[in-house]
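Notes to accompany the following structure.
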Amino acid sequence: MTVANVIQQQLERSSWIRRMFEEGIRLKAERGEENIFDFTLGNPSEDPPPGVLATFRRLAEANAPGSHGYMPNSGYPAAREAVARNLRRDTGVEFTGHSVVMTVGCAGAMNVALKAILDPGSEVIIPKPFFPDYQFYVTNHGGQVVFVETREDFSLDVAAIESSITPRTRVIILNTPNNPTGVIYSAAVLRDLESVLQHADHPIVALSDEPYKSIVYDGAKCPELASIISNCVITTSWSKKWGLAGERIGYLAISPRLPGADALSNACNFTNRVLGFINAPAIWQLVSAEAPGESTDMAVYQEKRDLMCGGLAKIGYEVSKPQGAFYIFLKTPIPDDLEFVRLLQGEGVLAVPGKGFGRGGYIRLSLTVPKDTIARSLPAFARALAKLPAQCSEL
Ligand SMILES: Cc1ncc(COP(=O)(O)O)c(C=O)c1O
C-alpha cells in the first residue's frame, strides 16, 4: 500500500462537494449539459473586475527586473503594507506590514497559521456546520478538532464554546459570512466571545476565515472581527471577492493585540516556506497592492439569491435567506438529506448534503451558477417535492 492509512481514511471521509461535482460531470455526459442543474461548487461566476485585469496586464507587460525571482517568504513589502493599510482603516487596529504574510489563497493562509500555532494534540474548536476542509487543515498539523454546535439560527453558541475550552485549546475557527449557512455573526455575539476568550487562562487564537467578507446582501455589513476580538488572526483571499480562485492569492494578518504577535509573524514566515509554498504568486501580490479598492459586482449574486429563495419559497420549501456568501443552506423536506439529494438528482439537480458540513437535514446550493440555470431548475425542485408522500412534504 503506497498511500498512508491516514490519508486513505481522509479520502473516504472527504469532500461531498467534490463527489457531487464529479457525479455532475457523469450525469451531464449521460443526459446532456442543459438538463443538469449543478449547484455543488463555489467557483465564483463573475469575472475579475476590469481594473484588476488591467493592472495585471500592465504589470505583466512592464516585466520589471527581478519580478520572477524569489522574494522574502512573507511577500513583497509593498503588498504587505497595502494590506496593513486597509486593515488599519477598516478595523482601527494598528496592523503593520510585519503583521501580514501573503499566502497561496486562504487555504494556504489557514495552513500556514495552524502549522505555526499547533503542537501535537492541540485542540481547535470548530462551530458546526463548517467548511469541510477545516478538519483536514487541523489534522495536517497534528491538531485535534473539537466540534461545537451552533444555535438553531446558526449563530454562535458562546456558552457551548466556553464549555468546550480545555487547557489544550489553542484555536477557534470562525467563518463569517459563513459557508455553508450564509449567516453573519453579529457584533454582540462576537463581543460575548471576546469576553470568554479574555477570561481563558491561556491565549486562544480566533482564526477568522474571511474570504466572503465583501459578499453581503441587503446592505448588511460584516462586523470587523479584528476590532472586537483581540487574539485574532485574519485569513482571507481574493478568490471570491475578485473571482480569482484559480490564481491562489490571499494573506494572513496577525492582530498586534495578540500576545506574541511578532513571534507568530516570524513563525508564519517560516511555515509558509517549509510547507512548500515558499511565497505567494508574485504578480498577483503586486496586483493586490495596486488595485485594492476594486470589487466584483455583488448585485449579481443578490439577484440570484432573491430569484432562488423566492422561487423555492413559492414552491413550498422552508427558505432562510443567506445574509452573505454565495450559498443557500436549505432545509430538506425530509430529515434524511442524503435521500433528498438522491431524489433531486433524479430530477437533474445536484446539491451537496448538509451531512458533508456536519449538519444533516439540509442541503447546500451554490449561487455561482448562471441566473438562467436557477430559473430553469425550479420546476425540477417542484417535481422532487411533489414526489414525497404528502405527510413528508408538510414543511
Ligand atoms: C469557508 C472557506 N474558507 C476557505 C476557502 C479557501 O479559499 P481559497 O480558495 O482562497 O484558498 C474556501 C473556499 O471555498 C471557503 O469556502
Side-chain angles (χ1 to χ4, degrees), residues 14-21 39-46 48 52 75 79 83 100-115 124 126-138 140 145 147 150 154 156 171-185 206-216 222 225 233-253 272 275-277 279-281 284-285 287-288 295-296 301 322-329 352 354 356-359 364-369:
S14 100
S15 186
W16 273 102
I17 305 173
R18 279 278 153 194
R19 225 177 291 171
M20 294 308 294
F21 178 68
F39 292 96
T40 54
L41 211 59
N43 205 3
S45 55
E46 302 314 302
V52 170
V83 167
V100 176
V101 178
M102 304 304 290
T103 59
V104 176
C106 186
M110 295 190 81
N111 274 281
V112 167
L114 289 168
K115 184 159 186 71
V124 177
I126 300 181
K128 275 167 126 182
F130 62 98
F131 176 55
D133 281 4
Y134 289 160
Q135 55 195 326
F136 305 117
Y137 299 168
V138 170
N140 276 348
V145 171
F147 288 117
T150 48
F154 301 122
L156 289 179
V171 173
I172 172 166
I173 297 180
L174 301 171
N175 173 222
T176 170
N178 187 270
N179 172 12
T181 65
V183 163
I184 294 176
Y185 299 148
L207 191 60
S208 180
D209 180 31
E210 306 185 353
Y212 300 99
K213 179 126 167 278
S214 58
I215 306 177
V216 291
C222 190
L225 197 130
V233 174
I234 295 170
T235 60
T236 189
S237 67
W238 285 273
S239 298
K240 319 285 173 177
K241 179 179 176 182
W242 282 356
L244 281 179
E247 302 294 354
R248 313 307 304 137
I249 181 70
Y251 65 83
L252 66 85
N272 201 25
L275 281 171
F277 298 128
N279 56 253
W284 288 105
Q285 290 192 42
V287 176
S288 75
S295 194
T296 349
Y301 287 120
Q323 299 168 294
F326 43 51
Y327 308 100
I328 294 173
F329 205 48
V352 189
F357 303 92
R359 181 68 67 96
R364 192 195 75 171
L365 302 169
S366 171
L367 293 170
T368 55
V369 297

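This one's a predicted model, so the numbers in the text were calculated from it and none came from an experiment. As the structure lists them, so they are numbered: ligands from 1, and atoms in each ligand from 1.
Under the 6.0 Å cut-off for aromatic ring centres, Y327 and Y212 qualify, their centroids lying closer than that.
With sequence neighbours left out, V104 forms a side chain to side chain contact (heavy atoms under 4.5 Å, CB included) with R248, F277, P281. Residues meeting the ring-ring contact (aromatic ring centres under 6.0 Å, His included) test with Y137, sequence neighbours left out: none. Under the rule for a side chain to side chain donor-acceptor pair (under 3.5 Å), T176 has no partner lying at least two apart in sequence or in another chain.
Taking the six-membered ring where tryptophan is involved, the planes of F329 and F154 are perpendicular, since the angle between them exceeds 60° and thus also 30°.
Side chains of T150 and R359: a donor on one and an acceptor on the other come within 3.5 Å.
Sorted by chain and number, the residues within 4.0 Å of ligand 1 by heavy atom are G105, C106, A107, F131, Y134, N175, N179, D209, P211, Y212, S237, S239, K240, R248.
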